[in-house]
Every structure is written in C-alpha cells, then in structure tokens.
Amino acid sequence: MRRARPLLGTLVEIEVDGATQAAAERAIAAAFEAVSLVQRLMSFHDADSDVGRINRSAFRTPVTVHPWTARVLRHAEVLHAATDGLFDCAVGHEFIRRGLLPADGLDHVSPGGFGAVRLPADRSVCLTAPVAIDLGGIAKGYAVDRAIATLRAAGIRGATVNAGGDLRVMGDTDQPIYVRIPGGGLLPVGSLRNGAIATSSSLATIDRGGAPHQSPGSPPDRRAYSVVAPSCVVADALTKILVQTGNPRHPCFGSFGATAFISVDDLQSVAA
Amino acid sequence: MKWTPLLTAPAAIVLIAPAGATVYMSEQQAMQTIFPGASFSPAGKAGVFRASSGGIVVIDRVLGKHEYIKYAVGITAGGAVKHIEIIEYNESYGYEVREASWRSQFVGKNASSPLQLNVDIKNISGATLSCKHITDGVRRIVGQSQSLKGQ
C-alpha cells in the first residue's frame, strides 16, 4: 500500500508491504504523524518551533527543546566535528541574506557557525553568538528515519519512505534505486536493502563560505550527488559534503559507514 | 545495510525514464481516509462531496512540474483543512519532454538577455514546485469552501 502527503516542503511517500489493509493504514498514519512532528519541531519558518525559538532567544537565555530536536542537533554537532566544519547548519544568516529564508524577528542574527552552539545534557540549547540554525540539510533525513522507526514499532516488516530525494528502505528484499538527474531523467544506480540514500544537487546547497555552489553564468550543474548510509539522517547530511568537495572518496564517508557517488545524465561515474 | 551499486549503466537507459502515473488511492479511499466511517453525497459542484459527519471533501488537481497532481482536501464544517491526500501524481514523462519544456524558456532571448539561471531562466527544482502548487490549490479551496459547500 502506498500513500503520499505534502510535508517538509516536498512530497513524502510511504509504501508498506506484507500487512493487512487496516494495519497498513494505521501504521502509515502514525508514520506521517512522526514526519509532521519533525516538521513542527524543526521548521525554520515557524517562530514557535524549537528551531524558531532557538534562533529568536537562545542567544539570551537557554531554550529547552524536544528530545528529537536535541537528537538532530547532536547529529549536527558530530557531523560538524567529523567534517572539519564543512557540515554547518548554523549558517542561517547567509540564507537570510540571500533571501532564501525569511528574516522575520531575526534582525539580531549575524554571521557565524556551529561553534557558537552549546548543547548541555539537559536538552537546553544556548548560543554563544547570535547565529541562526537551519536544520533543512539534516531534519528531512531524520524525519525519514522516524517514519521507518514508527512503521517498525507498528509491526511492519517491509517499507520504503521517500521524502523528495531522501529515501530509506526496510525489509528482506533489495529495492532498486533510481536517482533523478537535475533537469534530466531517472537513472538506475543500484539496489539497497535496510539502508538509506539521499540525493542532492548543487543548486540546493550553499557552501560553508556562504557562496552558492555554482558561479552565476556558468552552465547548470547537471549532476546528482548521492550518499548511501545506514541511516537517512547521515545520508542527508553527508550529501552536503559531497556537493562541496565533489569528492566521493572524502574520508568522512567511510567514518560514517557511508558510500558516495556522483551521477551525470550522459554517463555514470561511480566511486566508492 | 546492503548496497549493490550498478557499476555501468548504458547511456541510453537515461532516455527511457519510467513513464506513467502513480496512483496512490481512489477518490473513495481518499474520502474515507479523510472522514473515516462517513458516507458522502455530491454537493452539487464537480469534485465536491459532503460528508455525513459534517464537512466536505474537494477533489482537485494542480500542475506539478509538467503534469497534474490529483489530490483531495478535507474541510471541516468549521472551514478548516482537516487532511490532505495525494490521489494521483503524474511525473516522469520522457527525458525529451522535460527538456523541451525547459528549453522553451530560451525562445525569444537575445544577446541582451541575461540568460542566467534564476535570473531569466527558471531553476528546475525537484518536488518543490509540486508542493508549492498544492499549497496554492489548498489555499484557493479553503478560500472558496463556504461557497463550495452549497446551501
């Protein structure tokens, strides 16, 4: 059974196998609810979300967040350290400056990075500089992981969750994986069992220095940057490293048990 | 985790993207998902159904990237969106079709045109457009929900 709903700024699709219709409906509804909770907690656009509250007040006073938000911030902290700062979700100022994110109530925000974020053990978040966090590069993957966990808890044994390029499969069979090439078609790239794959394009990524990852006037980058990893939160975050470095052999992929490759629409280059 | 990469893919395969619509559910299933257990009667306008439990379901379609997305919106008796389900998502025509629609943006340009992505040539994004259009569609339906209800 397959169902889809517009969430997380994309179309989230959930497919489950091997369950009765009623059980599948219930499990899928619970999984969508988990995805929608991630959206409510981690939306940059919502001033009342955990991220909205962090960006508005954590520079002045600690902000207590939901355990899921705390988990994603921990992932972000680990990734920031493991990639020498290449993965940085505290560059909200740059997105605002470029008009990619709204500035409502964020006039105090200044440039900076994840080094300004403090995560004490009690789920309260502090900022030592007035930076803005945007979890857009990692929360979608986490939402996919939560959806899979919810389906598993409901007794589902085989499932696929796909949130606009962030995909995770669970079950005993190998699932064929296609990658969408920017401006092109779908390319078969392999098969995956009990794992996650995330695909990004350079158009969707801004690098650490805040530059768009493509210089104006250059021809559009028609490559798709994919990372396969045990969890979707890691796969999602590591696509940003692949876009920035262009190097599927960057050591950070191996340290997370991940594999990276870049696809193009006239030939496919695969490197582990 | 088990990942089996396809090491070599013939270039031609790109030209044969899987075609056709993805149907997630029927209109009836969508209505039942939105208002479980209710029965439905036509409200007099095409695609608008009244639920026995109160509220309406509107079956609508919006343009995604190149193709229509058919979806259902449930509106409570109070006029609030209750639930949205995607019924049918038509994506993936061939490579050429996608290309043609993108290339057509270049028609009429000349040397004084900027010819820059995101300046005068629209970026091709993934599903962002689909969702923007669905959001716009829902906003329109909610705005019209009083008149759609009839009576």
Side-chain angles (χ1 to χ4, degrees), chain A residues 1-13 15 25 29 163-165 169 174 176-178 180-197 199-201 203-204 212 214 216-220 228-231 257-259 261 263-268 270 272, chain B residues 1-19 22-25 29-30 32-33 36 64 69 71 83-89 91-99 102-103 114-119 121 123-128 130-135 137-138:
Chain A
M1 177 187 295
R2 290 213 282 183
R3 294 292 183 254
R5 283 188 205 164
L7 285 166
L8 306 170
T10 186
L11 199 65
V12 177
E13 182 179 291
E15 177 166 13
E25 289 277 13
V169 296
D174 289 2
I177 302 293
Y178 292 79
R180 187 180 298 286
I181 307 298
L186 292 171
L187 187 69
V189 291
S191 62
L192 181 63
R193 187 192 299 186
N194 287 321
I197 178 168
T199 298
S200 190
S201 75
L203 301 173
Q214 195 177 344
S218 63
V228 180
S231 71
T259 299
F261 60 92
S263 308
V264 295
D265 66 353
D266 53 350
L267 61 111
Q268 186 194 7
V270 178
Chain B
M1 182 179 84
K2 182 186 164 218
W3 167 244
T4 315
L6 211 64
L7 283 167
T8 49
I13 207 155
V14 185
L15 301 173
I16 315 162
T22 301
V23 177
Y24 293 98
M25 56 175 75
Q29 284 175 323
Q32 280 299 329
T33 308
I69 301 165
Y71 66 108
H83 195 96
I84 298 165
E85 289 283 353
I86 310 299
I87 295 172
E88 197 175 309
Y89 187 68
E91 195 48 74
S92 314
Y93 266 64
Y95 176 83
E96 299 88 344
V97 176
R98 293 168 182 282
E99 275 298 276
W102 191 63
R103 275 200 317 253
L115 276 170
Q116 279 183 26
L117 201 66
N118 288 331
V119 176
I121 302 296
N123 181 1
I124 301 177
S125 56
T128 315
S130 311
C131 291
K132 181 186 183 311
H133 293 157
I134 291 170
T135 308
V138 172

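So you know, we letter chains A, B, ... as the sequences are listed, proteins then strands, and number each from 1.
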Nearest heavy-atom neighbours spanning B:Leu6 and A:Pro188:
CD2-O, 3.7 Å
On a heavy-atom basis, which atom in B:Trp3 and which in A:Ser191 lie closest, and how many Å separate them?
CE3-O, 3.3 Å
Output the distance between atom [atom1] ([X]) and atom [atom2] ([Y]), rounded to the nearest 0.5 Å.
X	Y	atom1	atom2	result
B:Gln32	A:Glu25	CD	CD	10.0 Å
A:Arg3	B:Glu85	CZ	CD	6.5 Å
B:Thr33	A:Arg5	OG1	CZ	8.0 Å
B:Tyr71	A:Leu11	OH	CG	12.5 Å

Does B:Glu88 have any side-chain contact (heavy atoms from CB on, under 4.5 Å) partners at least two apart in sequence or in another chain, and if so, which?
B:Ala21, B:Val23, B:Lys70, B:Asn90
Most heavy-atom pairs under 4.5 angstrom with chain B, which of [options]?
options	result
A:Asn194, A:Ile177, A:Val169	A:Asn194
A:Gly165, A:Ala229, A:Ala196	A:Ala229
A:Ala4, A:Gly195, A:Gly257, A:Pro230	A:Ala4

A:Glu13 portion near chain B, given a 4.5 angstrom heavy-atom threshold
side chain
Under 4.5 Å from a heavy atom of chain B, the part of A:Ala29 involved
neither
